[in-house]
Amino acid sequence: MAFRYGERELKRDCKGPDVEELQVRLAGFRGTVPDSDFGPGTERQVMSFQQDFMRIAPTGVADRATLRAIDAFARSLPIDFKALKCRCGKCKGFGRGRFKGAYVPGKPKVEAFHLYEYPGVHRMLLWAVRAAFFYLPQHRFVISSGYRCAEDNKQHGRSSTNHHGKAIDLDVPLGRGESKRDDMLKCDAIRGVLVERAHAQVGWDAANRKALEPSHIAPTWVHYDVRCYEPKYLQDRMFCRTLRQLDDRRPIRF
Ligand SMILES: [Zn+2]
Ligand SMILES: [Zn+2]
C-alpha cells in the first residue's frame, strides 16, 4: 500500500509518493530527481537539510523531527503568490493551459521550445527558491518575474516559454550607494551559492538539474528554472497556483 507523506519515517530504499514529496520539499538542499525512490541523492538532501537548517549531526533519515523541521522551514519562508502571477490582464495569473505538446515552429521539439502554458508554477522550483531565501538571509529578495503566459509574451515581444510555469526571476534591490557593478557581483555570488548548496547548474547542459541563466543573459537578476527536467517530472500535478497547494500541509502521524 502507498503511504501518504507524514505517515512513516523515510529512509534508504523507501519508495512511494511520500518519497517524491520529500524530494520536492528538499529540492533546494542539494536536490535530486523527484523519482519516488529514496537513494543516495535523497539521503544527501536529508543530510544537508539536517546539517544546515536543523543544525544537528546528520543521520540521513527523515524521522519525525525532520518532517516537523521541514514544516517549520516552510512556515518561516512563505512564497508571495501575488508576485508570481502573470500580469497580462487576460489570464487569471497562470496562463490558460494552452498549447500542450506544441513547440516553437522550426525549433526542435524539446522542453526549451515547448509552448505549453503549465497550470501554475512548478512546486519543486518554489521549494528550491525557499531554500535560496534560507541560505541567503542577508538579501531581501523580490520576485521580479514569475508566470508569463503566451499573451504576456506577445504583449512584450518575447519568445522564451520558460516562464510558462518553469522559471522565476529574483531580484535584490540595490542598497544605498550601490552601483550596477555591485548588483552584478551580488547576482554572481548568489548563483555561486545555489550551485554549491542546491546543486543547480549555470546554463542548461545537464538533464534533470535546476538551472540558472548565466550572467551575460541575467546580469542584474537571478533566473532560476526547471526546464531541464524530463517530461515525467513536469506533470501537471507538480504545478501549483496557491501557497496552500505549494505547502500541501499534512499531519505527521507516526
Ligand atoms: Zn497571462
Ligand atoms: Zn527569467
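In this text the structure is predicted, and so the values were computed from the model without any measurement. Remember, it's 1-based here, ligands and their atoms both numbered in the order they're listed.
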Residue Asp169 atom name (nearest to the Zn ion (ligand 2); N/O/S): OD1

Note: Lys11-Asp63 ion pair, threshold 4.0 Å (strictly below): no

Nearest heavy-atom neighbours spanning Thr66 and Gln50: OG1-NE2, 3.1 Å

SG (Cys86) - the Zn ion (ligand 1) - SG (Cys91) angle, nearest 10°: 110°

Presence of salt bridge, Glu178 and Lys186, under 4.0 angstrom: yes

Angle, SG of Cys88 through the Zn ion (ligand 1) to SG of Cys149 - 10° precision: 110°

Cation-pi, Phe49 ring and Arg25 (6.0 angstrom, 45 degrees): no

Shortest-distance N, O or S atom of His223 relative to the Zn ion (ligand 2): ND1

